[in-house]
There are 2 protein chains.
Amino acid sequence: MANPMYRQIAEDLRAQIESGRLKPRQQLQTEIELRERYGASRNTVRDAIKLLTTLGLVETRPGQGTFVVSKIDPFVTTLSGDPSQAGVTEGASYLSEVTNRNRVAENSPIQLEIQQAPESIAAGLWIPVGTEVISRHEKRSIDDTPWSMQTSYYPMEFVERGARRLLSSQDISEGTTQYLRESLGIKQVGYRDLITVRAPNVIEVEFFKLPSDGRVSVYEIFQTAFDGNAQPMRLTVTIYPTDRNQFIFEVGQVPAGQYERSADGSSAS
Amino acid sequence: MANPMYRQIAEDLRAQIESGRLKPRQQLQTEIELRERYGASRNTVRDAIKLLTTLGLVETRPGQGTFVVSKIDPFVTTLSGDPSQAGVTEGASYLSEVTNRNRVAENSPIQLEIQQAPESIAAGLWIPVGTEVISRHEKRSIDDTPWSMQTSYYPMEFVERGARRLLSSQDISEGTTQYLRESLGIKQVGYRDLITVRAPNVIEVEFFKLPSDGRVSVYEIFQTAFDGNAQPMRLTVTIYPTDRNQFIFEVGQVPAGQYERSADGSSAS
DNA sequence: GGGTATTTGTCCGTATGTATT
DNA sequence: AAATACATACGGACAAATACC
């Protein structure tokens, strides 16, 4: 046999799940039953189940059993769209969007730090490594589900030039983008998003309550905002778990209306 | 005992990797050596290594050993940008972008099918389930590395109205967007991308040569293109492995210039 | 090419712990 | 408290891949 036994067992179970013979939320046979059914040892059955777990097809619950996963209703974030709102990422802007969908959003207090820019942040802001930057960090939840972690970095120079509220951990209700325009005359004219996916770190596993085996990865989105002189004025890094988030962006003329892809893979408008 | 032993071993090794004491491409101690070092059984050490593998921190090579991963130089795809080029996804358009970066791109022949639209495709094209659609499927590689799999769906009605070349497996060199404009007067005025991440299926694992344990997930991007009547004219589904791909999109005025995030997490412009 | 040592992969059986019902 | 089910841990045996002589 080309394939080891635990893979064959996994393939068999996977076929049953994908064909719909095993439905979401349905319990699989116990490890003991599967051991007899496939004539394998319990450890081999467990290897098969572990593979399906990594693939996100099943989940195990101690004391209960192994179940076919039921996907989470995803939250959809629109990354582009109305250019006038473009890049308004901190503060209340996204709250209205969330509320529109009858969901309840919550923000943590803003955690403020002054750091020496490491390489990755310095490069995004076009400043030398080690330059002081302000970081404003915030955690967000929707319907009590941890949703995203966001950190925005601004050159320390902005404070010296008069934007002192950047150093306040108070929420800047009108948005930092507008605040910087009013206080310093720095106007954001565009931004660039870089989307990556990676495994979560320990902090992210804890906040998002992700399985500690790292099978759920996170989006990491670097947003660099530019002012009228084509200089970076802000770098925002946002983390979203991939198991509950999708992103939309639109180019050109696109009809309005939600486009949500539901849990079973189908769509609705 | 808060943590089981295999997690403690994994955390210890993880700390060594993240602190740089174990560098990318460096070999870890063998399982036997780790067993003695931590006073655990070989299977327990293997559990720790399996965890690190799922987290993407190490990789094992039979007959050789276990090594700290060296990240792949990612390929960066710009999803928005020049509105005149917007949505030109099939054919030669992306080849120039690749060539500009001194990489060599290759496309498979287009695989053509006529299908009854399943729910997910019907919803994207606003047509009833079961309506006939044309699917044009293509696999793409860059520098001999499998890069993406793309399938575009068009209403069968387009062929009946005269766009017969949609049924040819020949590449439509000027791009299907332009072809539809010339042949039917259907003009694409915008599109919407929906970005999701999920585990790969068997076909994707094989084409992209992904590890069969499913620890590397894939982006699945649904692009719906709209014509001047705000009707969907095309649905394109593209799959990219998350371990070698990043996406950029820009809104407003953004200075030109590459923004690549290199393997170690730093950036360069 | 062949043979051998090394290293990881698969599979088994068993015992005990922990979470849930 | 007892039963059930998954989680952790151990030890052993053999297979498969690789490297080296």
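Note on naming: letters A, B, ... go to the chains in the order of the sequence lines (proteins, then strands), and numbering restarts at 1 for each one.
- Distance, B/Asn3 CG to C/dG17 C1': 15 Å, rounded to whole Å.
- Atom CD1 of A/Ile32 is separated from atom C1' of D/dA5 by 8 Å (rounded to the nearest Å).
- Defined by atom type and a distance below 3.5 Å, a donor-acceptor pair is present between the side-chain atoms of B/Asp12 and B/Tyr38.
- Side-chain proximity of B/Thr66 to D/dC10, C/dC12, C/dT8: nearest is C/dT8.
- Distances from the side chain of B/Pro4 to the nucleotides D/dA19, D/dA13, D/dT8 place D/dT8 closest.
- Side chain of A/Arg46, nearest nucleotide from C/dT7, D/dA7, C/dT10: D/dA7.
- Listed nucleotides: D/dC10, D/dA19, D/dC6. Nearest to the side chain of B/Gln64: D/dA19.
- Side-chain proximity of B/Glu31 to D/dA9, D/dA7, C/dG9: nearest is C/dG9.
- Applying the 3.5 Å distance criterion, the base of D/dA7 shares a donor-acceptor pair with the side chain of A/Arg42.
- For A/Met5, taking side-chain heavy atoms from C-beta onward, the closest of the listed nucleotides C/dG9, D/dA7, C/dC11 is C/dC11.
- Residue A/Thr30 places no side-chain N or O under 4.0 Å from the OP1 or OP2 atom of D/dT4.
- Projected onto DNA chain C by closest heavy-atom contact, B/Ile49 and A/Ala40 fall at different nucleotides, the more 5' of which corresponds to B/Ile49.
- For B/Phe75 and B/Tyr240, the ring centers are positioned 6.0 Å apart or more.
- Distance alone, capped at 3.5 Å, is enough to place a donor-acceptor pair between the B/Gln27 side chain and the B/Gln64 backbone.
- Checking D/dA9, C/dC11, D/dA7 against every side-chain atom of B/Thr44, the shortest atom distance belongs to D/dA9.
- D/dA1 is unpaired under the Watson-Crick or G-U wobble criterion, no partner having all donor-acceptor distances under 3.5 Å.
- A salt bridge links B/Glu138 and B/Arg140; the closest N-O separation between the charged side-chain nitrogens and carboxylate oxygens is under 4.0 Å.
- Taking the side chain of A/Tyr6 as heavy atoms from C-beta on, and the options C/dC12, C/dT8, C/dT10, the nearest nucleotide is C/dT10.
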What's the verdict on side-chain hydrogen bond (donor to acceptor under 3.5 Å, both in side chains) for A/Gln223 and A/Asp193, showing C-alpha distance, side-chain angles and the deciding distance?
-> CA-CA 4 Å; A/Gln223 178 172 92; A/Asp193 279 319; 3.0 Å; yes

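- B/Arg35 places its CZ atom 11 Å from the C1' atom of D/dG12, with the value rounded to the nearest Å.
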